[in-house]
Amino acid sequence: MDYQPGEIEEIWRKYWVENEVYKTLNDSSKPKYYVLDMFPYPSGAGLHVGHPLGYIASDIFARYKRLQGYNVLHPMGYDAFGLPAEQYAIQTGVHPSVSTNQNINFYRKQLDNLGFSFDWDRTVNTSDPKYYKWTQAIFLKLFGHYYNNSTNKAESIDDLILVFQNEGNINVHAANTQDTVFSANEWMNFSPAQKDEILMNYRLAYRKVGFVNWCEELGTVLANDEVKDGLSERGGYPVVKKPMRQWALRITAYAERLLQGLDSVDFSEALKTQQRNWIGKSEGAKIFFKLKDDEDVIEVFTTRPDTVFGVTFMVLAPEHELVSQITTTEQKEDVESYLAYSGSRSERDRMADVKSVTGAFTGAYAINPFNGESIPVWIADYVLIGYGTGAIMAVPGGDERDERFARHFGIDIIQVVDQSAYKGASISDKVGEMINSDFLNGMVVTEAIKMAISKIEALKIGQGKVNYRLRDANFSRQRYWGEPFPIKYDKDGVSFAETDLPLELPLLNNYKPTSDGKAPLARAADWCNDGLYTREIDTMPGFAGSSWYFLRYMDPHNNSEPFSKESVNYWKDVDLYVGGAEHAVGHLMYSRFWHKFMYDLGMVPTREPYKKLVNQGMLQGVIEFLYLLKEKQGGKSVFVSADELNNYDGEEFAHIPVHIDYVTDYGTENSYLNSEGIEQFKKWRPDYDNALFITNKNGQLITKSEIGKISKRYFNVVNPDDVIREYGTDCFRMYEMFLGPLKDSKPWDTKGIVGVSKFLRKFWSLFYDQDKKWLLTDNNPSGEELKILHTAIKKVNQDIENFSFNTCVAHFMVATNELKKIKCAKINVLKPLIILMAPFAPFITEQLWHDMGEMGSVHNYSNYPEHDEKYLVEDTIDYPVCINGKKRAIATFEINATKQVIEEYALGLEEIKKWIDGRPVRKVIIVPKRMVNIVI
RNA sequence: GCCCGGAUGGUGGAACUGGUAGACACGCAGGACUUAAAAUCCUGUUCCCGUUGAGGGAGUGCGGGUUCGAUUCCCGCUCCGGGCACCA
């Protein structure tokens with residue numbers, strides 16, 4: 001007997017292509033279901049075993065939904081703009097589109113190997129001008145709209161201009177960057193450049209000078225979520241704050257809707273919390289503090305306006321615009337040296353040391369509007385220019401950081417909240433009773449906050465305000481390999497939309513920034529300047545193309561619009577989105593924002609793009625290290641077996657990663673290099689050709705195993721193609737699912753795969769006997785067989801609905817073992833189910849199962865078997881009987897089906913009573929499970 | 001520091017809304033087949049005591065609690081993983 005997955009799978013692959021089995025149509029009477037994967041960036045390294053994890057899960061679900069009679073959209077594409085292709089181009093001169101296309105072809109080959117049911121006819125590539133034409137078009141829509149806070153939606157900037165012409169901006173309630181009031185008359189007299197500047201304050205895609213994350217090494221600006229610990233996420237280079245003129249998207253206009261929308265979607269609570277924190281809504285008030293010797297006022301935001309009587313100083317961020325203006329001559333030196341100090345501190349330094357207290361006194365005083373007290377104004381970098389107003393009223397009696405600051409610099413501290421009645425409460429808990437606070441005295445905090453705000457508003461010194469931590473998204477990159485902005489400027493710098501789309505990237509032969517620090521596109525001189533206009537030379541960031549790609553799949557070949565109304569009205573939104581949790585605040589926020597914008601424009605019918613999101617965990621790898629003595633001995637490198645290290649007390653060792661192929665029993669405690677492995681290692685690393693290897697008494701060089709990333713630099717990459725060659729696609733897919741719960745991170749370990757391989761062979765042997773004779777018959781299945789089938793249907797159903805694919809595999813194994821036990825040879829009852837997990841498993845057979853009759857129906861996806869409770873009949877079930885909590889005996893009852901269990905218990909009660917031997921029964925508790933409880 | 005998760009055999013992991021803990025698989029041990037090995041198949045496998053056969057006791061990170069009954073619920077810890085981090 002012989003199960004040859006390779007042959008079988010090849011036949012099916014061909015069949016799928018020739019018959020366009022997975023082609024999905026937009027017009028169907030069936031209900032729609034949209035299963036989406038996060039599309040990959042096609043890197044040069046190809047796929048490793050970790051990548052397909054989520055794709056396999058979503059593929060199972062897509063197949064499941066097809067069998068249930070849905071018209072399923074299940075596409076795949078490529079997020080193809082990005083830094084690696086550009087860096088590769090800088091190194092090799094190969095144009096990014098060339099290397100990207102090579103990588104895409106390689107990815108496609110690998111993906112095809114995995115048996116997915118993608119409709120490849122719908123694939124997208126974000127770097128294809130046919131695609132980014134529409135990314136640019138949507139950008140222009142953002143550019144051409146502003147956010148009207150009165151109607152709570154995006155509206156045309158042309159309408160806003162009309163308002164300006166008629167009445168200025170006095171009545172305009174719009175999301176904007178800067179408040180400057182002007183009249184209709186003033187508007188009419190502004191120059192085109194001034195108008196352009198003002199409109200930029202309102203546009204949803206706009207230009208502004210702001211502090212950005214500048215990475216010198218990469219020569220570009222990075223988004224906040226591309227910076228980790230003050231270093232660039234890609235490459236790990238230092239990132240500094242730098243003022244630059246940049247494009248940005250006004251995502252803050254949608255902050256409240258992005259927050260509210262979370263209540264209507266099915267994401268994990270953890271992920272929703274992450275997004276909520278990122279949006280960071282806080283309610284409070286803005287208050288204006290007059291300065292003692294200056295016309296200007298300091299605007300602060302606080303969540304605790306009730307503590308205003310406890311303000312003993314104010315702090316401005318070092319970058320605050322008033323700093324130089326208000327600093328007195330005596331304090332000038334202090335302030336300037338502090339500015340020099342804080343300016344020299346990188347983001348990273350500041351984060352590394354949050355404990356140390358630094359700051360400088362400006363010499364200026366502000367006036368507390370509530371009690372007229374003079375309060376000193378300081379600067380310190382614990383106040384951030386990017387949050388709130390970049391200035392705070394400091395209440396050392398309440399806020400921990402303010403208190404540290406006050407103690408350090410000897411500033412007064414006034415207690416204003418009495419929390420003695422609330423044990424363990426912190427000031428942020430907003431509990432306690434107001435003291436030392438004039439008219440607020442005796443109030444509880446929540447009440448005092450309300451009272452303070454109404455007083456502030458009555459005095460016209462501020463107002464209640466909701467503040468968000470969310471920042472506008474920086475949308476400029478000084479790179480080549482991204483979407484060019486369809487924007488041009490006239491000689492006065494007035495911006496115009498470029499409507500002839502796509503605006504294609506010009507060809508370059510050098511992709512580096514210019515010597516004077518301009519973005520690479522500046523090298524295409526003709527492209528940048530046509531005599532009348534100059535072009536924008538920044539390009540869009542990676543999240544541009546990925547913010548709407550799922551909509552393009554609905555109508556991928558449309559040349560006149562990004563997607564047709566009919567297609568989006570049919571497919572509507574993504575029912576299931578599967579991908580990694582690392583995109584929790586980046587891609588997911590941006591695409592939700594774009595979607596809401598498009599909803600405002602009537603382009604899409606739903607408020608949210610993704611109904612349900614499932615995060616798959618990371619597949620980790622095993623990293624194997626050798627111990628290398630840091631100091632050579634006698635001019636030779638020395639490797640020491642892990643169990644011989646105690647002979648080298650006081651010596652220091654380096655950890656040298658070794659290719660896992662050379663290691664015996666890799667991933668276990670006792671993994672080691674044998675003599676052959678050592679030879680392979682030497683051949684692989686000729687620099688260690690004459691090294692000494694101190695092995696243990698068994699001649700083994702024990703290695704150190706760690707769980708970590710799968711990565712080329714740890715030499716632990718396992719290519720799915722290799723696994724598939726050995727075990728087949730079905731086996732690979734099932735094993736990946738069998739490894740553990742989808743959302744958990746877990747290490748890849750090839751060893752266990754033989755269990756799944758055995759299962760598939762066993763399953764195969766339900767079709768054939770030892771002489772490879774066909775066993776399947778058309779006879780009706782027996783009751784016993786039907787019971788196994790319907791139990792399996794029930795379990796598998798539940799498993800898939802719960803995304804519990806590891807138990808799903810287990811339940812297939814149970815069913816197969818049972819069928820094997822009863823030597824079921826009449827019909828392969830698992831046939832319709834198994835293709836969910838193992839799409840090739842219906843196995844090629846005698847005349848293709850009567851010339852595709854049987855198999856055809858399976859692949860037409862129209863017959864998911866309903867589970868039928870009546871086949872699960874039990875003859876008798878033994879129930880333990882519990883008396884006063886002590887298990888006493890087994891009573892046997894006949895039951896029919898789960899729903900009737902309780903009645904059956906009732907019937908059996910007389911039996912129990914008899915059995916209890918005449919003792920009075922006080923209470924009988926019937927649990928519709930397994931136990932009968934009797935209290936005497 | 002704050003916010004989320006999590007802890008079950010030698011290993012990965014099951015256990016529905018509280019109801020026979022350890023499904024399924026790996027590994028290991030023994031056996032069958034074989035001249036032999038590999039492959040395959042069968043049996044056993046939570047731990048401890050006992051063992052011819054039984055049988056008994058303990059047990060889901062630790063300490064308490066609720067309950068006839070707790071891996072599951074509550075309180076207090078320990079450890080591990082992930083995310084955020086001077087957010088006023």
Side-chain angles (χ1 to χ4, degrees), chain A residues 1 229 268-274 276-278 280-282 284 300-305 307 314-315 317 350-351 353-357 380-384 386-395 398-402 404-405 426-428 467-471 581-582 584-585 615 617-618 665 667-669 734-735 738-741 743-747 749-759 761-762 765 770 795 798-799 802 804 806-817 878-880 882-887 890 898 923 925 927-936:
Chain A
M1 75 168 250
D229 298 331
S268 73
E269 250 343 280
L271 195 129
K272 284 188 186 180
T273 310
Q274 244 185 85
R276 286 191 188 109
N277 290 342
W278 195 256
K281 180 180 185 174
S282 55
V300 302
F301 172 76
T302 177
T303 57
R304 298 297 303 270
T307 62
M314 304 198 67
V315 186
R350 273 172 65 161
M351 285 183 199
D353 121 82
V354 293
K355 284 279 175 289
S356 70
V357 179
D381 65 6
Y382 81 89
V383 174
L384 309 171
Y387 181 77
T389 61
I392 62 160
M393 56 177 228
V395 186
D399 186 276
E400 195 191 318
R401 291 152 306 164
D402 294 348
R404 261 205 319 265
F405 194 86
S426 84
I427 197 78
S428 58
N467 202 43
Y468 298 92
R469 191 170 67 185
L470 186 69
R471 303 262 63 85
E582 66 272 20
V585 288
N615 292 121
M618 290 257 282
D665 289 342
T668 66
E669 236 171 86
M734 286 193 106
Y735 182 57
F738 188 61
L739 276 174
K743 50 192 169 309
D744 289 6
S745 286
K746 60 241 159 193
D749 177 3
T750 314
K751 280 199 294 295
I753 200 170
V754 299
V756 177
S757 183
K758 273 190 216 165
F759 156 74
R761 270 195 295 258
K762 210 182 286 178
S765 73
Q770 268 116 339
K795 294 260 161 94
Q798 283 168 358
D799 292 334
N802 296 328
S804 177
N806 55 331
T807 55
C808 189
V809 175
H811 288 134
F812 276 120
M813 290 177 173
V814 171
T816 304
N817 287 340
D878 288 342
Y879 285 91
C882 222
I883 299 174
N884 282 352
K886 277 272 181 191
K887 207 198 289 179
I890 304 282
T898 39
K923 200 159 101 185
I925 305 161
V927 184
K929 288 275 163 113
R930 288 205 174 85
M931 200 79 82
V932 181
N933 295 293
I934 298 165
V935 182
I936 301 172

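Every chain is numbered from 1, with letters handed out A, B, ... down the list of sequences.
Using cut-offs of 30° and 60° for the angle between ring planes, the A:F812 and A:F759 rings count as tilted.
Backbone-only engagement by A:N817 is indicated by non-hydrogen atom pairs under 4.0 Å involving sugar-phosphate atoms exclusively. A:P747 comes within 4.0 angstrom of no nucleic acid atom, judged by non-hydrogen atoms across all strands.
Computed from coordinates, the A:N277 CG to B:G1 C1' distance equals 14 Å when rounded to whole Å. Protein atom CG of A:L470 is 13 Å distant from nucleotide atom C1' of B:C87, rounded to whole Å. Rounded to whole Å, the distance from CG on A:L739 to C1' on B:G13 is 10 Å. Counting to the nearest Å, the P atom of B:G13 and the CE atom of A:M813 are 15 Å from each other. Rounded to a whole Å, the NE2 atom of A:H811 is 12 Å from the P atom of B:A25. Nucleotide B:G13 holds its P atom 11 Å from the CG atom of A:D749, rounded to whole Å. In this structure, the CZ atom of A:R761 is 7 Å from the P atom of B:C41, given to the nearest Å. Following rounding to the nearest Å, A:D799 (CG) and B:A23 (C1') show an atom-to-atom distance of 11 Å.
Looking at the side chain of A:A810, the nearest of the listed nucleotides B:A23, B:G83, B:A88 is B:A23. Relative to the side chain of A:T273, the nucleotides B:C86, B:C87, B:C3 differ in distance, and B:C3 lies closest. Taking every side-chain heavy atom of A:W278 into account, B:C84 is the closest of B:A15, B:C84, B:C41. Of the candidates B:C87, B:A88, B:U40, B:A88 carries the atom nearest the A:S282 side chain, counting heavy atoms from C-beta on. When distances run from any side-chain atom of A:I392 to the nucleotides B:C84, B:A88, B:C86, the shortest one goes to B:A88. Considering only the side chain of A:Y387, B:C87 comes nearest among B:C86, B:A23, B:C87. Among the nucleotides B:C86, B:G27, B:G13, the one closest to the side chain of A:N806 is B:G13. Considering only the side chain of A:T303, B:A88 comes nearest among B:C26, B:A88, B:C86. Comparing B:C24, B:G13, B:G27 by their nearest atom to the side chain of A:V754 picks out B:G27. In this structure, of B:C87, B:C4, B:G12, it is B:C87 that holds the atom nearest to the side chain of A:L384.
With hydrogens and angles ignored, the 3.5 Å screen pairs a side-chain donor or acceptor of A:R471 with a backbone N or O of A:G386. At least one donor-acceptor pair closer than 3.5 Å links the side chain of A:D402 to the backbone N or O of A:V395. Between the side chain of A:S757 and the backbone N or O of A:V754 there is no donor-acceptor pair closer than 3.5 Å.
For B:G9, the glycosidic angle deviates from 0 by 90° or less, giving a syn base.
Annotation: B:G59 and B:A21 have their P atoms spaced 12 Å apart (nearest Å). Straight-line distance between the C1' atoms of B:A7 and B:C77: roughly 14 Å, to the nearest whole Å. Distance check on atom C1': B:U71 versus B:U46 gives 14 Å, rounded to whole Å. Rounded to whole Å, the P atom of B:U40 lies 14 Å from the corresponding atom of B:A25. Taking atom P in both B:G6 and B:G22, the straight-line distance is 23 Å, to the nearest Å. Taking the P atoms as reference points, B:U66 lies 29 Å from B:G56, given to the whole Å. Only the C1' atoms considered, B:A39 is 14 Å distant from B:A32, to the nearest whole Å. Remark: the separation of the C1' atoms in B:G18 and B:C68 is 12 Å, to the nearest Å.
A salt bridge links A:D749 with A:K751: the closest approach of a Lys/Arg side-chain nitrogen to an acidic carboxylate oxygen falls below 4.0 angstrom.
Each of A:G280 and A:I753 has a nearest nucleotide on RNA chain B; the 5'-most of these lies closest to A:I753. Map A:S804 and A:A391 each onto its nearest nucleotide of RNA chain B; the residue landing nearer the 5' end is A:S804.
Using the Watson-Crick or G-U wobble rule with both distances under 3.5 Å, B:U52 pairs with nothing in any strand shown. B:U20 is unpaired under the criterion used here, namely a Watson-Crick or G-U wobble arrangement in which both key atom distances are under 3.5 Å. Pairing for B:U46 is with B:A58, a Watson-Crick or G-U wobble pair whose two hydrogen-bonding atom distances lie under 3.5 Å. Applying the Watson-Crick and G-U wobble criteria (two distances, each under 3.5 Å), B:U11 pairs with B:A25. Pairing partner, B:C2: B:G83, with both Watson-Crick or wobble hydrogen-bond distances short of 3.5 Å.
Counting heavy-atom neighbours within 6.0 Å of A:K281 NZ, excluding the residue itself, gives a total above 12.
Neither OP1 nor OP2 of B:G12 sits under 4.0 Å from any side-chain N or O of A:K751. Dashed line: the shortest gap from a side-chain N or O of A:R401 to OP1 or OP2 of B:C87 is under 4.0 Å.
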